[in-house]
Amino acid sequence: ADTGNNRILIFGDPSSSSTQTTGQAAGLSLTTNAAEGVFVNQTTGEVWVANTRSGTAVRYPKYETLIFNQAPLDATPIQPIINIDGQNTAVATLALAQDQFGDLIVADSSSRISVFYPGLSYLNAASFALDKPYLAPGMLASLFPLNGSNKFASATASDSTWPTTLGDVQLIFNGAAVPLYYVSPTQINFQVPNGAPTSGTVQAEVVSTAGQVLASGTIAMQAVATGVFICDSSNGNLRQACVLNQDNSVNSGTNAAARGSVIQIFATGVGNIPNGPTDGQPVSGPTPAPASLRVFMGANFVDETPLAPGESNGGNFVQYSGLAPGLVGVWQVNVKIPMAVPPGTQTIIALLLNGNIADPDANSTYRATIAVK
């Protein structure tokens, strides 16, 4: 690392008889910004440079590629600005290395050593909605490797008993291992702890039983994070929701629910429910949710739908909102279909919970539907 001349010099093998003992010219020179540190991965041959004045760690390909193309593969910012005594001060990267798993370790001028693990992303496990980047206590959620560059596991495993270790993998969520239902190389389905925060962010880490951190990141939290399960997404932006008819048969375009009958809508993200079950455990019976719910169906909320002649119920169409018996983390809504809802194979539905709209909504790329006759 030739700091004063803003370059990294790469020399030939010093043990080779063809290498001069003095005056040997460098085989390659990389332009830097006063770089003070360099590290070569002994497995991949990649060259990492602590680009000191730029406050970055720059990754270059192995030497055999560098001699043809000196462009860096990527540059990782190391928090380039920090606040010291009220003054914004640039942070300089000083030295770096990688651990046995390839995680980057960097020392910087703020008297700090940072470890950079692969990242992760997350979605509501029911709706997979991209426009609602937050989770809520007790709900079902899915994790994915960030940018698809890392893997969670070498194989796929599932377990309906919801263990906290599955496929030699654990998810540490806000400091504790959480129940897992499904683990694959590219996805993890889990239950958010019922006692999780309802605001701010929490730290999540996917770790192997061998102690390797497979992914790490922060997750935004809210009190509710609603999403309707979709059972058929083959119809473009109008997708069949996971709904049972009054006779417990599956609602579909060929098995519509009659107006005046009660359907069961399945979703997640209702939030913490007092006296709810232990994480990873189903409820044995009805467990109502305290959150205020409105159901949209067709063109109106059901509580605003005019009653048809002879129709009673006083507009109280929502008959149950709470945890689904026998299931983990699933929110069930039983609602009577008003007679004024027009028949159709793709009647739009949505759930409005404490002001939070269960996808799909106006910002989504699709709508959840049911079939009505």
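Just so it is clear, the structure is predicted and the values come from calculations on it, not from any experiment.
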Next on the checklist: Quick one, Asn237 with Arg367, criterion side-chain contact (heavy atoms from CB on, under 4.5 Å). Give me CA distance, side-chain angles, the key distance, then yes/no.
Outcome noted: CA-CA 6 Å; Asn237 63 350; Arg367 301 288 187 270; over 6 Å; no
side-chain hydrogen bond (donor to acceptor under 3.5 Å, both in side chains) between Gln264 and Asn248: does it pass, once the steps are laid out? CA-CA 8 Å; Gln264 303 168 48; Asn248 288 323; 2.8 Å; yes
Checklist entry - Under the side-chain contact (heavy atoms from CB on, under 4.5 Å) criterion, do Ile337 and Met297 qualify, and how do the steps go? => result CA-CA 8 Å; Ile337 302 175; Met297 189 178 299; 3.8 Å; yes
| message | Would Gln98 and Trp48 count as a side-chain hydrogen bond (donor to acceptor under 3.5 Å, both in side chains) here? Give the steps. | response | CA-CA 9 Å; Gln98 288 178 283; Trp48 285 86; 3.0 Å; yes
Could you walk me through whether Val169 and Ile188 satisfy the side-chain contact (heavy atoms from CB on, under 4.5 Å) test, starting with their C-alpha distance in whole Å, then the side-chain angles of each, then the deciding distance to 0.1 Å, before giving a yes or no? CA-CA 10 Å; Val169 167; Ile188 292 176; 4.1 Å; yes
Worksheet item: Can Phe229 and Phe266 be said to form a ring pair (Phe, Tyr, Trp, His ring centres under 6.0 Å), step by step?
Response: CA-CA 6 Å; Phe229 281 98; Phe266 295 95; 8.0 Å; no
Let me see the working for Tyr60 and Leu30 under side-chain contact (heavy atoms from CB on, under 4.5 Å), right down to the final yes or no. CA-CA 10 Å; Tyr60 289 90; Leu30 300 176; 4.1 Å; yes
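In this structure a side-chain-to-backbone donor-acceptor pair under 3.5 Å is present from Thr93 to Thr56. Judged purely by atom type and a 3.5 angstrom limit, Thr287 uses its side chain to pair as donor or acceptor with the backbone of Gly285. Between the side chain of Asp279 and the main chain of Pro193, no donor-acceptor pair closer than 3.5 Å is present. Judged by distance alone, the side chain of Thr369 and the main-chain N or O of Arg239 form a donor-acceptor pair under 3.5 Å. A distance-only check finds no donor-acceptor pair linking the side chain of Asn300 to the backbone of Val302 [under 3.5 Å]. Panel note: side chain Asp108, backbone Val91; no donor-acceptor pair is recorded below 3.5 Å. Side-chain atoms of Gln246 come within 3.5 Å of backbone N or O of Val262 as a donor-acceptor pair. Here the side chain of Tyr122 pairs a donor or acceptor atom with the backbone of Pro133 at under 3.5 angstrom. Remark: side-chain polar atoms of Asn251 are paired, donor with acceptor, to backbone N or O of Ala371 under 3.5 angstrom. Remark: the backbone N or O of Ala34 is not paired with any side-chain donor or acceptor of Asn51 at under 3.5 angstrom.
A pairwise comparison of heavy atoms in Ala35 and Ala1 identifies O-CB, 3.8 Å as the closest pair. Smallest separation of non-hydrogen atoms from Ser184 and Thr156: CB-OG1, 3.5 Å. Considering all non-hydrogen atoms of both residues, Ala153 and Gly167 come closest at CB-O, 4.4 Å. Shortest non-hydrogen contact noted between Pro282 and Gly326 is CB-C, 3.4 Å. Closest of all the heavy-atom pairs between Ala57 and Val106 is CB-CG2, 4.4 Å. Of all non-hydrogen atoms in Gln24 and Phe11, the two that sit nearest each other are O-CE2, 3.3 Å.
Side-chain contact check for Pro286 versus Gln332: every heavy-atom pair is 4.5 Å or farther apart. Residues Leu244 and Val250 have side chains in contact (heavy-atom distance under 4.5 Å, counting atoms from C-beta outward). Side-chain atoms of Thr347 and Val341, non-hydrogen and from C-beta on, do get closer than 4.5 Å to each other. Residues Leu351 and Val228 form a side-chain contact, since some pair of their non-hydrogen atoms from C-beta on lies under 4.5 Å apart. The side-chain heavy atoms of Asp168 and Ser208, taken from C-beta on, include no pair separated by under 4.5 Å. Tyr182 is listed as a side-chain neighbour of Gln187, based on a closest heavy-atom distance under 4.5 Å. Side chains of Ile370 and Ile263 form a contact here, defined as non-hydrogen atoms less than 4.5 Å apart. Put simply, the side chain of Tyr63 does not reach to within 4.5 Å of the side chain of Val47, judged on heavy atoms.
Checked against Val183 for a side-chain contact (heavy atoms from CB on, under 4.5 Å), the options Leu143, Asn189, Leu166, Leu171 give a single hit: Leu166.
Atom CG in Leu140 sits 8.5 Å away from atom CG in Asn124 (nearest 0.5 Å). Atom CZ of Phe317 sits about 12.0 Å away from atom CD of Glu304, to the nearest 0.5 Å. Once rounded to the nearest 0.5 Å, the distance linking CG of Asn6 with OG1 of Thr31 reads 8.5 Å. Rounded to the nearest 0.5 Å, atoms CD1 (Ile349) and CD (Gln240) are 8.0 Å apart. The structure places OG of Ser216 at 11.0 Å from CG of Leu146, a figure rounded to the nearest 0.5 Å. One finds the CG atom of Leu94 at 9.0 Å from the OG atom of Ser111 (value rounded to the nearest 0.5 Å).
Note on Arg294 versus Asp303: salt bridge recorded, some NZ/NE/NH1/NH2 to OD/OE distance being below 4.0 Å. Lys62 has no carboxylate O lying under 4.0 Å from a charged side-chain N of Glu46, or vice versa, which leaves the two without a salt bridge.
One hydrophobic cluster, built from ILVMFWY side chains closer than 4.5 Å, holds both Leu180 and Ile219. In terms of hydrophobic clustering, with Ile, Leu, Val, Met, Phe, Trp and Tyr side chains grouped at heavy-atom distances under 4.5 Å, Ile67 and Ile10 are assigned to a common cluster. Residues Leu323 and Trp331 fall within the same hydrophobic cluster, defined by Ile, Leu, Val, Met, Phe, Trp and Tyr side chains chained together at heavy-atom separations under 4.5 Å. Val192 and Val330 fall into different hydrophobic clusters, where Ile, Leu, Val, Met, Phe, Trp and Tyr are joined by side-chain heavy atoms under 4.5 Å apart, directly or via other members. In the hydrophobic cluster analysis, where Ile, Leu, Val, Met, Phe, Trp and Tyr join through side-chain heavy atoms closer than 4.5 angstrom, Leu353 is grouped apart from Leu135.
A donor and an acceptor atom, one from each side chain of Ser292 and Asn354, are nowhere located under 3.5 Å apart. Side-chain atoms of Gln170 and Thr165 form a donor-acceptor pair, as typed in the model, at a separation below 3.5 Å.
The neighbour count for Asn275 CG, taken as heavy atoms of other residues, nucleotides or ligands under 6.0 Å away, does not exceed 12. The local environment of CZ in Phe39 is crowded, with over 12 non-hydrogen atoms from other residues, nucleotides or ligands closer than 6.0 Å.
Between Phe144 and Phe128, the two ring planes are perpendicular [angle over 60°; tilted spans 30° to 60°].
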